[in-house]
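Letters A, B, ... mirror the listed sequences (proteins, then strands); counts begin at 1.
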Amino acid sequence: NAGVTQTPKFRVLKTGQSMTLLCAQDMNHEYMYWYRQDPGMGLRLIHYSVGEGTTAKGEVPDGYNVSRLKKQNFLLGLESAAPSQTSVYFCASSYPLGTPSGEQFFGPGTRLTVL
Amino acid sequence: SQELEQSPQSLIVQEGKNLTINCTSSKTLYGLYWYKQKYGEGLIFLMMLQKGGEEKSHEKITAKLDEKKQQSSLHITASQPSHAGIYLCGAAHGSSNTGKLIFGQGTTLQVKP
C-alpha cells in the first residue's frame, strides 16, 4: 500500500498562475482533507470531503476549489495564485471519526511558493 | 487555532530527561489525536484518546485525556534524539461524523545528545 500520495512535491508559481494539487489514497477511505501549514499556525483545514462527489469548506477555503470525482482522489485547485498562498499543503484521509481506525493518514506534503 | 492551544511552543531538553507537552481546548472534546512531524515530512499518528481519564502508551510516550479540563498531555520518558520533531494535537469538537479536526500550533522538541 502506498497510503496517501501527493503530486507534485514542490512547485513555484508566479502570481496569477493556476495549478492543481493531486492527492490519492489506496486505503478505501471515505473522508479526505486538504490542509495548509504555515509557521506558528499549525494545520488549518481548507476543504474536506465525506464521500465521492461531495465537498465542504473548512476554516480557510477562500482562493481554493476542490473536486472529488473518484473516491480515491481529492484535487485542490488554485485558480489565481497569490503570495499569501505560499505554504506547505497536506492531504489526509480517514475512516469516520470514532471508528477504531478513525485517525487521519497524511501525505508527505507539497511545498508551494508563489512569487 | 485559538480553539486549541499547545504549550510550550518549543522545548529543548537534554537526552534522558522527561518532558510534557500540553494541549488545551476551549470547546468540548469528542476526540483528541496526537501526531508527530519531522521537518519537511508528513504527520505520523501517535495516539487517539476519546474517553475522559483515558491514558495510552506507546514505547516511552504516554498521552492522557482530562475531559473535565478539556485538556490532554503528552509525556515522554527518558527522551532520545529520535523523539525530536514537531508534536501536534488535533481535536474533534463536533459530534457530527465529518472527521474534521482542529489542530494546535504545534510544539517543537529538540533533544540534545
Exercise for review: Against chain B, label A:Glu30 side chain, backbone, both or neither, depending on which of its atoms sit under 4.5 Å from a heavy atom there.
Suggested key: neither

Check your understanding: Can you tell me if CD on B:Gln9 sees more than 12 non-hydrogen neighbours from other groups inside 6.0 Å?
Key -> no

Review point. Cluster question for you: counting only ILVMFWY and a side-chain heavy-atom cut-off of under 4.5 Å, with indirect links fine, are B:Leu109 and B:Leu88 together?
Key: no

Study note, to complete from the structure: Value for NZ (B:Lys100) from OH (A:Tyr33), rounded to nearest 0.5 Å, stands at 10.0 Å

Exercise for review: Indicate if A:Tyr35 and A:Met19 have the same hydrophobic cluster label, given that clusters are the connected sets of ILVMFWY residues with side-chain heavy-atom separations under 4.5 angstrom.
Suggested key: no

Practice item. Please list, in residue-number order, every residue in residues 34-47 of chain B that has a heavy atom less than 4.5 Å from any heavy atom of chain A; write 'none' if there are none. Key: B:Tyr35, B:Gln37, B:Gly40, B:Glu41, B:Gly42, B:Leu43, B:Phe45

Exercise for review: Identify whether B:Met48 and B:Tyr87 are in the same connected component of the hydrophobic contact network (ILVMFWY, side-chain heavy atoms under 4.5 Å).
Suggested key: no

Point to revise | Reported CG-to-CG distance for the pair A:Leu43 and B:Leu4, which is rounded to 0.5 angstrom | key: 11.5 Å

Review point. Should we say atom NZ of B:Lys56 is surrounded by more than 12 heavy atoms from elsewhere, each under 6.0 Å from it?
Key: yes

Practice item. Establish whether A:Leu76 and A:Met32 are linked, either directly or via other cluster members, by ILVMFWY side-chain heavy-atom contacts under 4.5 Å. Key: yes

Review point. Mind checking whether A:Tyr48 and A:Phe90 sit in one hydrophobic cluster, side chains of I, L, V, M, F, W, Y counted as touching below 4.5 Å?
Key: yes

